[in-house]
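Excluded from the calculations below are hydrogen atoms, water molecules and symmetry mates; all remaining heavy atoms, backbone and side chain alike, are included. The chain is numbered in sequence order, starting from 1.
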Amino acid sequence: MILRTTLAALAALSLAACESAQDEAAEERADVIEDTTEAQADALEEQAGETDNEAAETALNEQADAVEQQGDAAADQVEQEAGETD
């Protein structure tokens with residue numbers, strides 16, 4: 001009986017460790033997505049700041065906002081999908 005209880009506890013711990021590793025990996029992927037899209041958005045905002053054309057500046061800033069929002073949404077999706085596998 002003690003052996004069964006011990007084995008069940010070890011199995012539960014192994015499963016928890018696996019899920020934690022999956023969660024951590026998903027968090028890392030989400031961070032990479034956020035960092036990459038934030039860098040893209042920053043580059044667009046820098047271009048916007050360097051232009052003398054107001055319409056182009058507005059368009060670049062809007063594009064930067066869209067890139068950042070898409071990155072946040074993609075990162076959130078990665079984290080949600082990891083949460084569903086727990």
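Note that CG of Asp76 is 6.0 Å distant from CD of Gln80, once rounded to the nearest 0.5 Å.
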Side-chain polar contacts of residues 33-52 - donor-acceptor pairs under 3.5 angstrom, sequence neighbours left out - could you list them?
residue : atom : partner : partner atom : Å
Thr36   : OG1  : Val32   : O            : 2.8
Thr37   : OG1  : Ile33   : O            : 2.9
Thr37   : OG1  : Glu34   : O            : 3.3
Thr51   : OG1  : Asn53   : N            : 3.2

Below 3.5 Å, can you tabulate the donor-acceptor pairs from side chains in residues 54-71 to any protein atom, sequence neighbours excluded?
residue : atom : partner : partner atom : Å
Thr58   : OG1  : Glu54   : O            : 3.0
Asn61   : ND2  : Glu57   : O            : 3.3

